[in-house]
Amino acid sequence: MIIMSQMKKDAGYLAAGEVKDGQILGLGTGSTTHYFIEAVGKRVASEGIEVMGIPTSYQSFLLAKAANIPVTTLDEHEIDLAVDGADEIDPKFNLIKGGGAAHTLEKIVDYSAKEFIVIADSSKLVDTLGAFPLPVEIIPESVTPVMKALKDMGGVPEIRMGQLKDGPVITDNGNFILDVAFSAIENPIHMEKDLNAIPGVVENGLFTEMVDKVIIGFEDGARFI
Ligand code: 5RP
């Protein structure tokens with residue numbers, strides 16, 4: 001039985017093969033994009049391809065530096081290809097993201113890319129989004145009214161707490177994360193917009209109608225689905 005990390009690695013390495021010399025890359029966040037960044041770094045070293053990366057978190061910024069991928073910003077460059085992970089992927093390639101609390105910058109980067117490829121292991125494929133609690137980044141001062149609004153929408157929100165850090169997780173942007181349990185997310189396209197209309201919500205982890213391609217790592221290797 002192949003381990004999950006091998007499926008993630010296979011997906012990340014297959015995506016790195018899609019990168020073309022000269023491209024500006026959106027660098028997603030998480031354990032799967034870790035392998036993508038590592039593999040792009042190997043192509044930079046072995047083939048001499050010249051690329052630049054726009055990180056979506058401090059994690060991907062540090063990984064890019066370690067892989068000798070020069071980093072740039074959205075102020076200076078447009079993104080040719082963004083590659084990012086996901087917590088859930090439905091049959092229409094709508095996503096839940098934000099398991100790593102990076103979905104706000106991920107959405108800015110991924111949505112602005114000319115091409116957006118999602119990479120994941122096969123456990124992320126679902127029929128309907130919602131088993132994974134939906135991450136919502138909020139302004140800390142808004143926690144009480146936002147939690148009330150989310151309950152009114154049928155959700156059960158919880159403040160994400162730190163590991164090896166007392167108190168709430170603080171995002172790269174200085175905000176809180178609410179993980180919101182919904183019984184099922186039947187209309188992710190509407191919900192993505194509705195959640196962002198709540199004052200205090202910075203961004204939610206639904207990514208709808210934006211993915212171009214999905215690469216899944218299965219037990220027998222990775223492939224486009
Ligand atoms: C971070 C994300 C990640 O892409 C998502 O959580 C998937 O992570 P992993 O590749 O570690 O399973 O959205 O905010």
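Counting starts at 1 for both ligands and their atoms, following the listed order.
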task = Over 60° means perpendicular and under 30° means parallel, so classify the ring planes of Phe207 and Tyr111, tilted if in between.
result = perpendicular
query = Just wondering, are more than 12 heavy atoms of other shown residues or ligands nearer than 6.0 Å to NZ in Lys114?
reply = yes
remark   = Judged by heavy atoms only, the candidate from Ile96, Asp110, Asp87 nearest atom 5 (C) of ligand 1 is Asp87
message = Do Glu137 and Val201 have side chains that approach each other closer than 4.5 Å (heavy atoms only, starting at C-beta)?
response = no
ask   = Numbering the atoms of ligand 1 from 1, which are under 4.0 Å from a heavy atom of Asp84?
value = 4 (O)
message = Could you check whether Glu209 and Asn94, counting side-chain N and O atoms only, form a donor-acceptor pair closer than 3.5 Å?
response = no
key: Within reach of ligand 1, part of Thr33 (heavy-atom separation under 4.0 Å)   = neither
query = Out of Ser57, Gly30, Pro135, Ala120, whose heavy atom sits nearest atom 8 (O) of ligand 1?
reply = Gly30
remark   = Here the atoms of ligand 1 under 4.0 Å from any heavy atom belonging to Gly85 are 4 (O)
message = Using a 4.0 Å cut-off to any heavy atom of Gly98, which atoms of ligand 1 qualify?
response = 2 (C), 13 (O), 14 (O)
task = Give, for atom CD of Glu192 and atom CG of Leu129, the distance between the pair rounded to the nearest 0.5 Å.
result = 11.0 Å
ask   = Within a radius of less than 6.0 Å around CG of Asp127, do more than 12 heavy atoms belonging to other residues, nucleotides or ligands occur?
value = no
query = Counting heavy atoms only, which of Gly99, Ala86, Ser123 is nearest atom 7 (C) of ligand 1?
reply = Ala86
request  = Report the nearest protein non-hydrogen atom to atom 9 (P) of ligand 1: residue, atom name, distance rounded to 0.1 Å.
outcome  = Ser31 OG, 3.3 Å
key: Within 6.0 angstrom of Glu76 CD, more than 12 heavy atoms from elsewhere   = yes
query = Atoms of ligand 1 less than 4.0 Å from Ala101 heavy atoms?
reply = 14 (O)
remark   = The closest protein heavy-atom partner of atom 3 (C) of ligand 1 is Thr29 O, 3.2 Å
task = Would you mind checking which non-hydrogen protein atom is closest to atom 10 (O) of ligand 1, with the distance to 0.1 Å?
result = Thr32 OG1, 2.6 Å
task = Could you tell me if any non-hydrogen atom of His34 lies under 4.0 Å from any atom of ligand 1?
result = no
ask   = Going by the atom numbers of ligand 1, which of them fall below 4.0 Å from some non-hydrogen atom of Glu106?
value = 1 (C), 2 (C), 4 (O), 13 (O), 14 (O)
Salt-bridge contact Lys97-Asp87 (side-chain N to carboxylate O under 4.0 Å) = no
query = Passes side chain to side chain contact (heavy atoms under 4.5 Å, CB included), Val118 versus Phe93? Steps please.
reply = CA-CA 9 Å; Val118 169; Phe93 294 172; over 6 Å; no
request  = Measure the distance from atom 12 (O) of ligand 1 to every protein heavy atom, then report the residue, atom name and distance (to 0.1 Å) of the closest one.
outcome  = Lys124 NZ, 2.6 Å
